[in-house]
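Being a predicted model, the structure only gives us computed values, none of them experimental. A, B, ... follow the sequence lines: proteins, then strands. Residue 1 opens every chain.
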Amino acid sequence: MENHPTDEEIFVRLSEIIVQALRIHSQRIKAESRILADLGAESLDLLDIRFRIERTFGFKIEQDEIIRALGKDLSIAEIREKLTIRSLIDFIRNRTGQSVNVK
Amino acid sequence: MIFSIGVDVVSVDRVANLWRNHSERLQQTVFTSEELLPLWIVRKGTLKLTENLSLGQRQYLATRFAAKEATIKAMRLPVDQSYELNNIEVLGKAHLTIRLSGALKEYLTKNGITQMKASCCCTKEEVASFVIGETTNGKSSDR
């Protein structure tokens with residue numbers, strides 16, 4: 001994937017990742033979909049999604065780095081609300097904007 | 001005195017799928033080399049990690065993962081605490097030993113948690129792990 005993908009490109013690739021990781025139909029995936037609350041992801045799924053994002057977009061992600069990017073001092077309930085497809089797109093965009101993709 | 005408790009349930013098959021798809025990253029970030037010792041095999045004269053897990057091996061990995069997640073909950077880690085899951089080493093079978101390293105060991109010391117005790121049980125489909133964090137400073141977690 002070329003540097004600085006558009007949000008649309010990120011959404012397409014991310015949707016493929018979510019379909020494979022959560023084994024759900026792509027029609028269920030919207031930008032506002034909450035990964036945990038709406039799409040039913042659990043801790044193992046978040047790990048699966050993290051590794052697939054790393055492989056697809058070419059950068060390493062630390063444990064809970066995606067969660068920490070949502071904000072500080074968040075409760076579990078706030079994390080469940082804020083962890084959406086949109087928040088993942090923002091995270092990936094910010095990271096791909098900083099680094100050169102390495103396969 | 002009990003600092004806090006944590007519990008987690010994990011699907012055996014889900015962990016096996018995760019191993020099948022991401023064994024390299026799991027070796028780097030989730031499991032320690034000692035935890036993976038039971039998975040080494042000799043194939044054509046070469047020592048390598050098995051890709052095709054037996055039921056026992058799947059249950060073994062699932063137990064490690066469930067215990068790590070339960071430990072995270074028992075430590076009541078703040079969301080902004082940086083760590084990797086291999087900072088938690090889970091050894092043993094039915095009665096587990098939890099060994100912490102890196103940032104999590106520092107967190108343990110800072111919060112006066114002196115010991116983590118864990119146990120688990122498993123079926124063909126799922127593994128459950130229960131972890132207790134103990135402290136001698138008279139303070140339980142208020143998180």
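- The minimum heavy-atom distance linking B:I2 with B:T135 is given by the pair C-CG2, 4.5 Å.
- One hydrophobic cluster, built from ILVMFWY side chains closer than 4.5 Å, holds both B:I5 and B:V7.
- The cationic group of A:R55 does not satisfy the cation-pi geometry with A:F51, failing either the under 6.0 Å distance to the six-membered ring centre or the 45° limit from the ring axis.
- Smallest separation of non-hydrogen atoms from B:S4 and B:A74: CB-O, 3.1 Å.
- A single hydrophobic cluster is seen to contain both A:L22 and A:I89, as judged by linkage of ILVMFWY side chains at heavy-atom distances under 4.5 Å, directly or through other members.
- With a 4.5 Å cut-off on non-hydrogen atoms, B:E69 touches chain A through its side chain but not through its backbone.
- Minimum heavy-atom separation, A:R52 to A:D48: NE-OD1, 2.7 Å.
- Only the side chain of A:R50 comes within contact range of chain B, with at least one heavy atom under 4.5 Å from a heavy atom of that chain.
- Hydrophobic clustering (ILVMFWY, side-chain heavy atoms < 4.5 Å, transitive): B:F65 and B:L91 are in distinct clusters.
- Taking non-hydrogen atoms and a 4.5 Å limit, the residue list of residues 66-81 of chain A in contact with chain B, ordered by number, reads A:I67, A:R68, A:L74, A:I79.
- By the salt bridge (Lys or Arg N to Asp or Glu O under 4.0 Å) test, A:D7 pairs with A:R86, A:R93, sequence neighbours left out.
- Below 4.5 Å, heavy atoms of chain A meet heavy atoms from B:V10, B:S11, B:R14, B:V15, B:L18, B:N21, B:H22, all part of residues 10-24 of chain B.
- Here the straight-line distance linking atom CZ of B:R64 with atom CG of B:L96 works out to 6.0 Å at 0.5 Å rounding.
- For B:R25, the salt bridge (Lys or Arg N to Asp or Glu O under 4.0 Å) partners at least two apart in sequence or on another chain are A:E54.
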